[in-house]
Amino acid sequence: MNMFEEFAWRGMVSEATDGVREALGAERVTAYIGFDPTASSLHIGNLLTVMGLARLQRFGHTPIAIVGGGTGMIGDPSGKSQERNLLSPEQIAVNVAGVRAQLERFLDFETAPNAAKIVNNADWLGTIDVLSFLRDIGKHFTVGYMLQKESVSRRLESADGISYTEFSYLVLQAYDFLQLFDRHGCTLQMGGSDQWGNITAGIELIRKVRAKKAHGLVWPLMKTAAGTKFGKTEAGTIWLDPALTSEYRFYQFWLNTDDRDVANYLKVFTWLDRAAIDGLGRALAEAPAAREAQRTLARAVTLMVHGPDGLALAERETAAQFGGGDDADIPAIVLAASDFAEGMATTDFMVAVSLAPSKSEAARTIKQGGFYVNDTRVTDERGKVTLADVIDGRIKARKGQRERRIVRIS
RNA sequence: GGGCAGGUGGCGGAGCGGUCAAUCGCAACAGACUGUAAAUCUGUCGCCCCAGUGGCUACGAAGGUUCGAAUCCUUCCCUGCCCA
């Protein structure tokens, strides 16, 4: 099975240029994917992209990750309904460094002959002057062509419009492809299907100025069965950086995967082969409550992202949170005993342990019967938490069925 | 530069002088059910308190009219469409 077929069965081919399949089967290809440095950490939406590069490398091809230090200054209109806020150059520099460090965990940058590379498009976008850019690159794009791009046309039809800045993005990304073609012999660009327009623009540019054929391959945008955006939860984005999303939360995200999505996720986010994934699909159909498939998914992805120690941490905390484990494995919040000398208002307590964003909300949760101290439902929203609630130096607090906190009193 | 239409809560979108902290949908939160799933049903969904026919802040910004303004007027900022 060549790489294209592998991608196809994993559901990672949405559109591809003619000849990609043959090219990937016959030769050693250099391919790239872009990463937007909009944050200092990658999130699980990017993980899909990272896996694309990692798979590419395993098939003997050479992956290039391009960190968009230049294009990040502009903002890609694809898939965005509104103009983006521009980040400062300093912030982008910080983000580029963070993203680069994370990528190094997934790709092999050492082993020849197909070691991965990371490049920053600020290297060429930051140095080209306006006149050269307009003459040498801009000349190859007609406005009509650009207007036809879905990313542009949709924004034109929206109430917000599109600025000249974002309108130009397409050309910048096309120029990236040309640069990588010239510098690294890169002939394939991959990405999510929202990138198709940008990718084909690059292919066109290479054809026009170098008279060479380049390729594109995009996968479908990941959606959840429930129709929500993949990778977002109530708590926000799931980041790869454990400082932003703990190993436990990361693991839990995968464990809570909808039955209908789990097979797709296994294909995309793990290295498991077809037989293993089919087997897990059967297990899920026969014993859905066991959630064997979800468990395998959560273990595999957590191991890959956070390593064996991170996985162990996540599993210990899971055991503690959902029975059977030791409470000591749940990170405790420390509050001073003096705060409780005269009792702390329950609503203040909830805010202090971040189980409620405001006292009003805390009071509401209590009224609705959603707050528990030491597993006993609290009924008085104007009551207090006192030292009498401390058991073995700790207070257990819980909102709803799943949000738990261990508070250590010192 | 001219004309027209707009800027309302996380999003979409009502309201167009008092009864508006603001209809409704989505998202979210709690409860029931359950498999830490989905679907469904119920409740909630600006902040604060001494919890009330309570206080405060908020309908792009700043002023003004009025007993009273998200709603009227003025200026400014921003967006879309059309014309130049």
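Just so you know, these numbers use all the heavy atoms, side chains as well, and skip hydrogens, waters and symmetry mates. As the structure is a computational prediction, the values presented were derived from the model and not from experiment. We name chains A, B, ... by the order of the sequence lines, and we start the count at 1 in each one.
- In this structure, CG of L297(A) is placed 13 Å from C1' of A37(B), rounded to the nearest angstrom.
- Taking atom P on both C16(B) and C72(B), the two are 10 Å apart, rounded to the nearest angstrom.
- Using modelled atom types and a 3.5 Å distance limit, the side chains of Q189(A) and Q195(A) yield no donor-acceptor pair.
- If you measure from atom CZ of R402(A) to atom P of G35(B), you get 14 Å, rounded to the nearest angstrom.
- Whole-Å rounding puts the R260(A) CZ to A37(B) C1' distance at 9 Å.
- Across the C1' atoms, U75(B) and U53(B) are found 39 Å apart, a figure rounded to whole Å.
- Base-pair partner of C81(B): G3(B) (Watson-Crick or G-U wobble, both distances under 3.5 Å).
- Note on R295(A): nothing from the nucleic acid sits closer than 4.0 angstrom, heavy atoms only.
- Regarding R299(A), its CZ atom lies at a distance of 19 Å from the P atom of U36(B), rounded to whole Å.
- Contact annotation: R155(A) does not reach the phosphate of U79(B) (side-chain N/O to OP1 or OP2, under 4.0 Å).
- The D259(A) side chain lies nearest to G35(B) when the options are G35(B), U36(B), C29(B).
- Counting only N and O atoms by type, the side chains of N95(A) and Q91(A) include a donor and acceptor under 3.5 Å apart.
- Both tests do not hold together for R21(A) against F4(A): distance to the six-membered ring centre under 6.0 Å, angle to the ring axis within 45°.
- No cation-pi contact links R299(A) to W254(A), judged by a cut-off of 6.0 Å to the six-membered ring centre and 45° from its axis.
- Heavy-atom distances to RNA chain B give each of T257(A) and K359(A) a nearest nucleotide, and the one nearer the 5′ end belongs to T257(A).
- For the P atoms, the distance from C24(B) to U79(B) is 33 Å, rounded to whole Å.
- G9(B) and C45(B) are spaced 11 Å apart, taking the C1' atom of each and rounding to whole Å.
- Ring pair F167(A)/Y164(A) is tilted by interplanar angle, where 30° to 60° counts as tilted.
- Look at C20(B): it lacks any Watson-Crick or wobble partner with both distances under 3.5 angstrom.
- Within the nucleic acid shown, S360(A) comes within 4.0 Å of at least one base atom, counting heavy atoms only.
- Residue contacts shown for Q401(A) are limited to sugar-phosphate atoms, with no base heavy atom under 4.0 Å away.
- The separation of C49(B) from U66(B), taken at their C1' atoms, amounts to 32 Å, rounded to a whole angstrom.
- In this structure, A37(B) makes no Watson-Crick or G-U wobble pair, since no nucleotide meets both defining distances under 3.5 angstrom.
- For the pair V378(A) and I366(A), the tightest heavy-atom approach, listed with the atom from each and the gap, is O-CG2, 3.7 Å.
- To the nearest angstrom, C1' of A30(B) lies 11 Å from CZ of R364(A).
- With a cut-off of 3.5 Å on both Watson-Crick or G-U wobble distances, the partner of G63(B) is given as C73(B).
- Remark: C1' of U44(B) and CD of E381(A) are 13 Å apart, rounded to the nearest angstrom.
- Residue R291(A) is in base contact, counting any heavy-atom pair closer than 4.0 Å across all strands shown.
- Pair assignment for C50(B): none, as no Watson-Crick or G-U wobble contacts are both less than 3.5 Å.
- Comparing F371(A) and S358(A), the nucleotide of RNA chain B nearest to each residue sits closer to the 5' end for F371(A).
- A straight line from CD of Q294(A) to P of G35(B) spans 14 Å, rounded to a whole angstrom.
- When the P atom is used for both C76(B) and C11(B), the distance is 28 Å, rounded to whole Å.
- Note that R55(A) lies in the cation-pi zone of W271(A), set by a 6.0 Å cut-off to the ring centre and a 45° limit from the axis.
- At a cut-off of 3.5 angstrom, the base of G43(B) holds at least one donor-acceptor pair with the side chain of Q368(A).
- The residue D258(A) sits close only to the backbone: its heavy atoms come under 4.0 Å of sugar-phosphate atoms, none of a base.
- Using Watson-Crick or G-U wobble geometry with both donor-acceptor distances under 3.5 Å, A30(B) finds its partner in U42(B).
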Passes side-chain hydrogen bond (donor to acceptor under 3.5 Å, both in side chains), D182(A) versus Q179(A)? Steps please. CA-CA 5 Å; D182(A) 287 347; Q179(A) 284 290 320; 5.2 Å; no
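- The side chain of T365(A) approaches C29(B) more closely than any other nucleotide in the set A51(B), G35(B), C29(B).
- Counting any heavy atom pair closer than 4.0 Å across all strands shown, Y372(A) reaches sugar-phosphate atoms only and no base atom.
- On the P atoms, A69(B) is 15 Å away from G55(B), given to the nearest whole Å.
- Separation of the C1' atoms belonging to U65(B) and C4(B) is 27 Å when rounded to the nearest angstrom.
- One atom, CG of L284(A), and another, C1' of A37(B), lie 9 Å apart when rounded to the nearest Å.
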